[in-house]
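Presented below is the structure to which this report refers.
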Amino acid sequence: MDALVRPVLDPTFAGAALAFLFCGAALGTVSGLVPGLHANNFALLLAGLAPSIPADPLLVGVAMLGAGVVHSFLDIVPALALGVPDAATAVAALPGHRLVVAGRGREALRLSAVGSGLAVALAVPFAVPITWVMARGYPTIRTHLPVLLAAVVAFLVVTESSKRAAVGGVVAFLASAALGVATLDVDPAAPLDAGGVLAPLFAGLFGAPVLVDALGGDGVPPQSDARITMGRRDLGVSATAGSLAGAVVGYVPGISAAIASVAALPAVPRSEADRGFIVATSGANTANTVFALFALVALGTPRTGVTVAIDRAEVPLALPILLVACATAAACGFALVLLVGDAYLRVVGNADYTRLSVGVLCLLGCVSYAFAGSFGVGVFLVAAVLGLLPPRLGARRVHLMGVLIGPLMLG
C-alpha cells in the first residue's frame, strides 16, 4: 500500500521554485520602478546566463515569469509619479496624470493593482477557449498580418478627437515606422547584451518627452486618501475588457497593450473614463503575460521579451507550474504596489521636480548606452525629439508604436 503512495508536491523543488520566483520578483521590482528598464532586459540576461546556472531550467523560467508579472504591476508607479511610462502603459499615463493632479494618485495606484490582479484571474479561464480558436485561426492571421495591422493603424487614426489629431497620428506613425525600419535590425556593440535598441527606442519615444514637458512644473501635489471610488460593476467591466485586450497582445504580433487598450476603450464606462482606462490598460499589460505563455505553448511563437527569453533558455513548458508562478508573482506584485507606490509618490512630491526630471533623463541616456552603446544614445535622442511631436499635433502617443508595426507591415 505504501508503495502506491506518491508525494503530490516535492518540497525540495517547491522551495527552490519559490526562491527563484522571489529572485525574479526582485528583478521585476527593480525594472518596474527604475525608468527605462524593462523585465525583458533581465529576462534576456537570465537567458544568456541560463547554461551556467546550476539549476533546473524550469526554475530559471519561473524567475523570468516572476520578473515579467511583477514588472507589469509596478510599471504604473513611475508612469504616475515621474511621467515616464513603459510603452505598455503609455496610453494610461494621461488619465493617470489627471488623477495625480487631482490628488487621487493613491487611488490610481490601487485601481491599477486591482485591474492587473483581476486580469490575471480572468486570463486563465479565457486563455483556454481563446487559445483553441487562435491555434486554428493563426495561419490565416499570419498570412494576412499586414492587412490586419493596417486596419489597426486605421482604427487608431479614425478614433482620434479631430481631423488635425488624425493627421498628426498619421505623421507620428509614419515617422516612428521609419525609425523602426532604420534601427530595429541593427545589432550595436554595447556593455550589456540584453535588449538591443528597444530600450533606447521606448525610453525616447514614451519617456523622455513627458519629462521634457514637465521641466519647470510643480511635480506631484499632495495626495489624498486611497479609497477607490469606482463602482464594482464598472471595475469588473473595465478589468474584463483589459484582460480580453491582453489576449490580442498575446497572440497578434505588433499589437502592444497600449494599442489593445485603445480598442478596449468603448467597453470602459464613460462616467469613469479615466479610472476605467487605468484598470483596462493595467489589465491588458498583465494579462498579456499569461496569454503570451499560452501562445508559446500552443503555437510555439514567443510574443514578449520574457517568452523569447524562455524560448532561448529552452525552459520546459510545464504549464501548471508556470501558471502557479504567474499567480504567485501576481500576488507579490499587488502587495508591492500598495507597499511601494504611496512612498514613491510622496518622495517624488517632496523632491525638486525639475532636478528630478533632469536626473531621470540622464538615467534614460545611461540605460540607452548600457543596452545599445553610443548608437543607442543617438537613437534615444532622435526618438525623444519624435516623441514630442504627437501631443503638439493633438494626437495620442500610441501612434508611435509604428516603430514596431511599420517594420512588421513591410515584412
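The figures here come from the full heavy-atom set of this structure, side chains too, leaving out hydrogens, waters and symmetry mates.
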Does a side-chain heavy-atom distance below 4.5 Å link Val377 with Pro200? no
Do any N or O atoms from the side chain of Thr281 and from the backbone of Ile278 form a donor-acceptor pair under 3.5 angstrom? no
Result block: side-chain N/O donor-acceptor pairs under 3.5 angstrom for residues 137-155, not counting sequence neighbours:
from   : atom 1 : to     : atom 2 : distance (Å)
Tyr138 : OH     : Arg303 : NH2    : 2.5
Thr143 : OG1    : Pro139 : O      : 2.8
His144 : ND1    : Thr140 : O      : 3.0

Any Val337 side-chain heavy atom under 4.5 Å of Arg110 side chain: no
Does this structure show an ion pair linking Arg104 with Asp274, if we count only N-O contacts that are shorter than 4.0 Å? no
Identify each donor-acceptor pair in which a side-chain atom of residues 382-394 lies under 3.5 Å from a protein atom, sequence neighbours left out, and give them as a table.
from   : atom 1 : to     : atom 2 : distance (Å)
Arg392 : NH1    : Leu388 : O      : 2.9
Arg392 : NH2    : Asp213 : OD1    : 2.7

Within this structure, what is the CZ-OG distance for the pair Phe277 and Ser238, rounded to the nearest 0.5 Å? 10.5 Å
Ignoring hydrogens and angles, tell me if any N or O in the side chain of Ser224 forms a donor-acceptor pair with the backbone of Gly103 under 3.5 Å. yes
Should Trp132 and Val128 count as side-chain neighbours, where that means a heavy-atom distance under 4.5 Å? no
Is the side chain of Tyr344 donor-acceptor paired with the backbone N or O of Leu33 at a distance under 3.5 Å, no angle test? yes
Distance in Å, Thr29 OG1 paired with Phe22 CZ, rounded so as to fall on 0.5 Å steps: 11.0 Å
Donor-acceptor pair, distance only, cut-off 3.5 Å: does the side chain of Ser116 make one with the backbone of Ser282? yes
Enter the distance from Thr307:OG1 to Leu322:CG here, rounded to the nearest 0.5 Å. 11.5 Å
Does the side chain of Leu404 reach to within under 4.5 Å of the side chain of Leu201, using non-hydrogen atoms? no
For the student: nearest non-hydrogen atoms of Ala55 and Phe20, plus distance: CB-CZ, 3.6 Å
Report the C-alpha separation of Leu156 and Met401 in whole Å, then their side-chain angles, then the decisive distance to 0.1 Å, and conclude whether the side chain to side chain contact (heavy atoms under 4.5 Å, CB included) test is met. CA-CA 11 Å; Leu156 294 176; Met401 287 306 297; over 6 Å; no
Show, in sequence, the C-alpha distance, side-chain angles and deciding distance for Leu184 and Leu198, and conclude whether the side chain to side chain contact (heavy atoms under 4.5 Å, CB included) test is met. CA-CA 7 Å; Leu184 284 177; Leu198 284 178; 3.8 Å; yes
Starting at CZ of Phe380, measure out to CG of Leu205 and round the result to the nearest 0.5 Å. 10.0 Å
Is a side-chain donor or acceptor of Glu107 paired with a backbone partner of Asp225 at a separation under 3.5 angstrom? no
What distance do Leu58 atom CG and Phe13 atom CZ have between them, rounded to the nearest 0.5 Å? 4.5 Å
Test side chain to side chain contact (heavy atoms under 4.5 Å, CB included) applied to Val290 and Val124, step by step: CA-CA 7 Å; Val290 177; Val124 175; 4.2 Å; yes
Could you walk me through whether Phe202 and Leu400 pass side chain to side chain contact (heavy atoms under 4.5 Å, CB included), step by step? CA-CA 9 Å; Phe202 287 140; Leu400 296 174; over 6 Å; no
Pair Thr301, Tyr251: side-chain N/O donor-acceptor within cut-off below 3.5 Å: no
So CZ of Phe294 and CG of Leu299: to nearest 0.5 Å the spacing works out to 12.0 Å
Pairwise side-chain contact, Glu314 with Pro57, heavy-atom cut-off 4.5 Å (strictly under): no
Counting C-beta onward and ignoring hydrogens, is there a side-chain heavy-atom pair between Leu317 and Ile310 closer than 4.5 Å? yes
Taking side chain as C-beta onward, heavy atoms only, is Val306 less than 4.5 Å from Thr289? no
Side-chain donor or acceptor of Glu160 paired with backbone N/O of Arg396 under 3.5 Å: yes
Output, in order, the C-alpha distance, side-chain angles, deciding distance and verdict of salt bridge (Lys or Arg N to Asp or Glu O under 4.0 Å) for Asp234 and Arg275. CA-CA 9 Å; Asp234 291 344; Arg275 290 172 172 82; over 6 Å; no
Check the surroundings of atom CZ in Arg136: do more than 12 heavy atoms from other residues, nucleotides or ligands lie under 6.0 Å from it? yes
Less than 4.5 Å apart, side chain to side chain, heavy atoms only: is that true for Leu211 and Leu364? yes
Test item: Thr286 side-chain N/O and Gly283 main-chain N/O as donor-acceptor pair under 3.5 Å: no
Heavy-atom pair of closest approach, residues Ile130 and Ala247: CD1-CB, 3.8 Å
Mark yes when over 12 heavy atoms from residues, nucleotides or ligands other than Phe375 sit less than 6.0 Å from its CZ; otherwise mark no. yes
